[in-house]
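For reference, the structure discussed in these notes is given below.
What you see below is based on every heavy atom in this structure, not just the backbone, and it leaves out hydrogens, waters and symmetry mates. This is a predicted model, so every value here is computed, not measured. Nothing fancy with the numbering, it's 1 onward along the sequence. Counting starts at 1 for both ligands and their atoms, following the listed order.
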Amino acid sequence: MITWSWCLPPKVTSGRCAAQEPEKPAEGARSEWIPARARVSGSGFPPLAQVSLSACPVSKMLLAATLGTVFLLGAVPSVARESRGHISVILLGATGDLAKKYLWQGLFQLYLDEVNNGHSFTFHGAATTEPKQGQKVMYNRLKKLACPPDVPPDRCAVVKDQFLKLTEYRQVKTAEDYAALSQEIQTVLRQEELEEAGRIFYFSVPPFAYTEIARHINSSCRPLPGAWLRVVLEKPFGHDLRSAQQLAGELRTFFREEEMYRVDHYLGKQAVAHILPFRDQNRHHLDPIWNRHHVERVEIVLKETVDVKNRTGFYEQYGVLRDIHQNHLTEVLMFLAMELPANISSSEDILRSKLQTFTALQALERSSAVVGQYGAYNGHVREELQKEQGYFSRTPTFAGVLVHLDSLRWEGVPFLLISGKVLDERVGYVRILFKNRAYCIQNETMQDAESSQCKAKQIIFYIGHGELNSPSVLVSRNLFKPVMPEGSWKEVLDLPHLRLFGQPLSEYYAYVPMMERDAYSILISRIFHGKKDSFITTENLLASWEFWTPLLDSLASEVPRLYPGGHENKHLLDFEMVGRQVSFVVTEMVEVMHARDEQKPDAYKTIQSRFRQSQLITAWSDELIGRLALDIEAAAAAAIGKSRAFHLALSGGSTPLALFRQLAVHHYGFPWGHTHLWLVDERCVPLTDPESNFRHLHDHLIQLVRVPYFNIHPMPVHLNRRLCVEEDKGPELYAKEISALVANASFDLVLLGVGDDGHTASLFPRSPVGLEGSQEVVFAESPVKPHQRMTLTLPLINRAKQVSVLVMGKGKHDIVTVVSRAGHEPKKWPISGVNPSSGQIAWYVDYEALLG
Ligand code: BG6
């Protein structure tokens with residue numbers, strides 16, 4: 001037989017509960033069963049239990065099991081309900097901003113959702129603020145808690161009232177405070193005869209406080225044996241890979257991995273949280289098209305209109321890339337790009353797949369990003385951080401980053417990650433734009449949106465704000481009608497004329513959540529349910545920092561483009577992709593260019609002159625590289641015209657990388673099919689080693705162009721599974737290969753650089769080999785690591801038809817000056833021995849190297 005129990009909530013008097021007799025329910029109010037709450041001396045909790053106890057005809061077991069819960073009359077048969085244990089939630093930073101804005105509401109929502117599910121709860125707001133003040137601030141916030149629209153007002157009032165009674169404020173500062181808190185929880189458990197299910201500690205405090213709090217929790221606030229501990233951490237989780245590793249290492253000494261829940265609140269946004277379920281429920285439609293053959297590009301965008309006033313202390317150290325890209329946008333990227341596990345309800349499978357996706361990300365380079373800074377930012381920094389008048393911050397407040405993945409699914413598909421402050425609108429979205437292969441002869445009309453193959457095909461996860469002002473999922477009607485979970489998402493049929501991403505809403509299947517929920521309340525619920533895949537594990541965090549740190553380092557000294565803010569930005573921040581690089585569409589502000597022009601009248605022209613009685617081409621580095629690439633292409637065309645092949649020998653090091661990229665990205669007509677690539681020198685490391693010259697050539701050129709495999713000639717430094725051993729005769733092998741393929745062993749073009757000691761190729765000053773004699777390829781020693789090298793010799797280089805020497809950067813100015821005056825002294829400066837016997841030599845020296 002089923003029996004029902006009810007009693008009314010006791011009254012609340014100025015935020016505390018007074019013990020009193022239950023009253024009859026008010027007319028129209030739904031009757032609820034309110035749990036008993038034992039008085040705990042010195043606990044600070046409202047005393048309300050004994051009366052209810054005697055007033056409610058329920059078993060002791062049920063009472064104990066439902067401490068802190070509210071059963072709806074008619075909903076829960078008392079005989080069926082067993083205790084699932086007691087949960088203590090401790091909100092650290094209870095009076096802070098995040099708590100005020102989201103966390104208390106999220107905890108209240110948790111209570112509303114879970115109150116009938118057999119657990120009992122207590123909530124402890126903790127902060128360093130002294131008790132009277134802290135309590136006041138906290139209760140002022142609690143009074144404003146609201147229920148979602150589907151909760152009837154009378155139930156809302158009852159539950160809210162109860163929540164207030166179960167919540168106490170306490171000041172925590174010292175180890176003793178934490179021990180006392182734990183004591184108090186244990187006393188409640190004992191007195192109420194409750195099993196402890198777990199404790200949640202929510203760290204809504206600055207990261208510098210993490211370690212100390214973690215230590216206190218670990219030493220004196222862990223739950224009783226058998227119960228779980230969950231600590232919830234808010235970003236920032238470090239500043240770069242090293243600091244993240246350090247913080248992770250410290251936390252690991254106090255908590256086990258499964259106990260830590262690092263929050264990225266974007267994972268709780270409804271549209272983001274629905275990406276994986278959407279991919280799962282629509283596998284049938286998506287499997288054939290979720291790949292590089294069908295996806296044109298993916299945009300992950302968070303535009304904001306706010307500035308960072310009053311936050312510059314934080315922002316100046318972080319900037320937009322650390323604040324948004326490294327976490328929110330990267331997490332979204334993972335949800336889109338990861339291989340979908342067969343079972344998406346397995347947190348482990350999702351986390352594993354995510355980590356695999358991190359390994360597929362291609363390394364970012366300086367040219368993978370454009371950065372900007374809103375005009376008023378510097379003023380905010382000077383004012384808030386008391387910087388002097390001349391202080392100039394380089395912190396970006398806007399960034400557009402181009403990400404590529406090395407995977408069969410995504411190779412070549414650009415993923416654009418964009419975010420900024422003080423932009424023209426507030427909006428967040430993910431847009432997957434599909435390729436359009438159809439050509440439609442006749443003009444389309446709006447009516448046949450579903451069948452038209454010529455209209456844009458896109459899937460949009462609209463995160464929020466913007467014109468729709470609601471999370472939504474949009475699928476172009478000419479793609480497919482998606483399966484959406486009934487009961488939680490509904491189709492939008494009004495607003496047909498609203499235009500989004502170039503199409504009226506009527507051309508999409510558009511869905512919004514039945515009920516909008518705040519990200520934090522979703523995440524708090526997931527913490528409660530132990531759903532780890534909505535949080536950032538240590539491995540995930542470090543993988544993300546490993547990906548972003550090199551870009552952050554390379555941007556450290558970059559001056560961001562200034563933008564005025566809002567609609568005034570016009571096209572200033574528009575950027576375009578060219579190959580693997582991005583650059584602003586509108587060139588730098590005109591005034592700046594003029595200023596530079598006046599100082600150096602020929603600034604943007606290449607100057608031709610003489611250097612060591614040979615041709616000298618000089619310009620700013622970009623123009624110089626452009627000119628050299630053109631000259632190489634012309635040499636290739638000439639060689640192929642004569643002998644159907646172009647033999648090009650390339651140097652290693654960092655100087656030629658920009659040239660490689662220039663050739664790969666801007667020279668579509670380059671005759672790669674007839675070009676042979678040779679190495680001028682190589683380090684004795686495996687070819688896959690990041691130090692290998694061949695590896696550089698591969699990453700910056702070979703993999704981007706279509707050179708036949710048999711035309712690629714790496715130096716044989718790795719033979720018989722060992723590196724550069726004399727008896728393996730690597731140099732001889734390479735010399736033979738050259739003689740076999742290159743007529744007279746005379747390369748069509750050899751590209752050289754110059755070291756600041758005057759070395760060229762791997763021929764260093766006073767080298768005993770390679771500067772003269774009959775050998776063509778030799779092992780050589782470098783004074784810098786890796787010491788062992790293989791290199792072409794000067795006699796072989798001097799047989800080339802053309803030698804081009806590229807020298808760039810201020811650091812090379814001194815050697816350029818020395819070499820300009822030196823005679824033929826290869827022992828002192830090997831570069832001075834480069835003197836093609838019947839060919840040409842041309843010097844490509846940028847202004848910085850030439851003029852210092
Ligand atoms: C936070 C950033 O993580 O996310 C803020 O620190 C940013 O700078 C905010 O404004 C954006 O989140 P939401 O939920 O407002 O889109």
Side-chain angles (χ1 to χ4, degrees), residues 93 96-103 105-106 109 202-207 232-239 244 261-275 299-333 335 371-374 376-377 380-381 384 393 395-399 417-430 460-472 513 516-524 534-536 541 544-545 548 552 565-566:
D97 245 21
L98 191 68
K100 201 158 96 190
K101 267 182 157 159
Y102 303 109
L103 301 181
Q105 184 60 42
Q109 183 69 46
Y202 202 119
F203 283 47
S204 178
V205 294
V232 188
L233 305 164
E234 278 286 341
K235 81 178 176 79
F237 310 120
H239 181 263
Y261 287 68
R262 288 190 192 82
V263 170
D264 182 316
H265 78 283
Y266 263 62
L267 296 188
K269 301 252 177 193
Q270 281 169 300
V272 176
H274 196 59
I275 294 176
E299 300 162 8
I300 305 171
V301 178
L302 167 53
K303 287 169 69 179
E304 298 186 273
T305 48
V306 287
D307 57 24
V308 294
K309 223 169 170 181
N310 303 323
R311 281 182 85 199
T312 46
F314 157 81
Y315 205 85
E316 181 57 2
Q317 290 180 48
Y318 287 83
V320 66
L321 287 162
R322 291 180 172 91
D323 187 35
I324 305 287
H325 291 68
Q326 179 274 326
N327 38 76
H328 305 327
L329 303 192
T330 306
E331 289 304 314
V332 174
L333 167 68
F335 276 180
V371 287
Q373 185 189 81
Y374 67 82
Y377 179 75
H380 294 159
V381 173
E384 288 175 35
S393 161
T395 303
T397 60
F398 165 85
L417 275 55
I418 301 164
S419 183
K421 304 277 183 200
V422 200
L423 301 182
D424 60 320
E425 59 172 341
R426 170 90 168 103
V427 67
Y429 61 84
V430 173
I460 288 135
F461 296 94
Y462 204 82
I463 300 171
H465 306 283
E467 287 180 277
L468 261 177
N469 202 22
S470 151
S472 352
E516 263 189 63
R517 286 192 64 175
D518 165 65
Y520 278 97
S521 71
I522 291 182
L523 290 178
I524 287 173
S534 298
F535 300 89
I536 314 299
L541 175 74
S544 174
W545 276 120
W548 287 101
L552 290 163

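- We find that D264 and K235 are not joined by a salt bridge, their nearest charged nitrogen and carboxylate oxygen being 4.0 Å or further apart.
- In this pair, Y318 and H239 present their aromatic rings perpendicular. The plane angle is above 60°, beyond the 30 to 60° band.
- Looking at F398 and Q373, their side chains never come closer than 4.5 Å, going by heavy atoms from C-beta outward.
- Under a 4.0 Å criterion applied to the non-hydrogen atoms of K421, ligand 1 contributes the atoms 5 (C), 7 (C), 8 (O), 10 (O).
- Between H325 and W548, the ring planes are perpendicular. Angles over 60° get that label, and only those under 30° would be called parallel.
- Below 4.0 Å from some heavy atom of D323 lie the following atoms of ligand 1, by number and element: 2 (C), 5 (C), 6 (O), 8 (O).
- For H328, a nitrogen or oxygen atom sits less than 3.5 Å from a nitrogen or oxygen atom of ligand 1, counting backbone and side chain alike.
- Of all protein heavy atoms, the one lying nearest to atom 16 (O) of ligand 1 is Y266 OH, 2.5 Å.
- Using the six-membered ring where Trp is involved, Y261 and F535 have ring planes that are perpendicular, over 60° apart on the 30 and 60° scheme.
- Heavy atoms of R311 found under 4.0 angstrom from ligand 1 belong exclusively to the side chain.
- Using a distance-only test at 3.5 Å, with no hydrogens or angles considered, a donor-acceptor pair links the side chain of Y462 to the main chain of E467.
- Atoms of ligand 1 lying under 4.0 Å from any heavy atom of H265, numbered from 1 in the order shown and given with element: 1 (C), 3 (O), 4 (O), 12 (O), 13 (P), 14 (O).
- Heavy-atom contacts of K269 reach the following atoms of ligand 1: 13 (P), 14 (O), 16 (O) (cutoff under 4.0 Å).
- Protein heavy atom in closest approach to atom 10 (O) of ligand 1: E304 OE2, 2.6 Å.
- Ring orientation note: the planes of Y374 and Y377 are nearly perpendicular, at an angle over 60° on the 30°/60° scale.
- At a heavy-atom distance under 4.0 Å, only side-chain atoms of R426, from C-beta outward, approach ligand 1.
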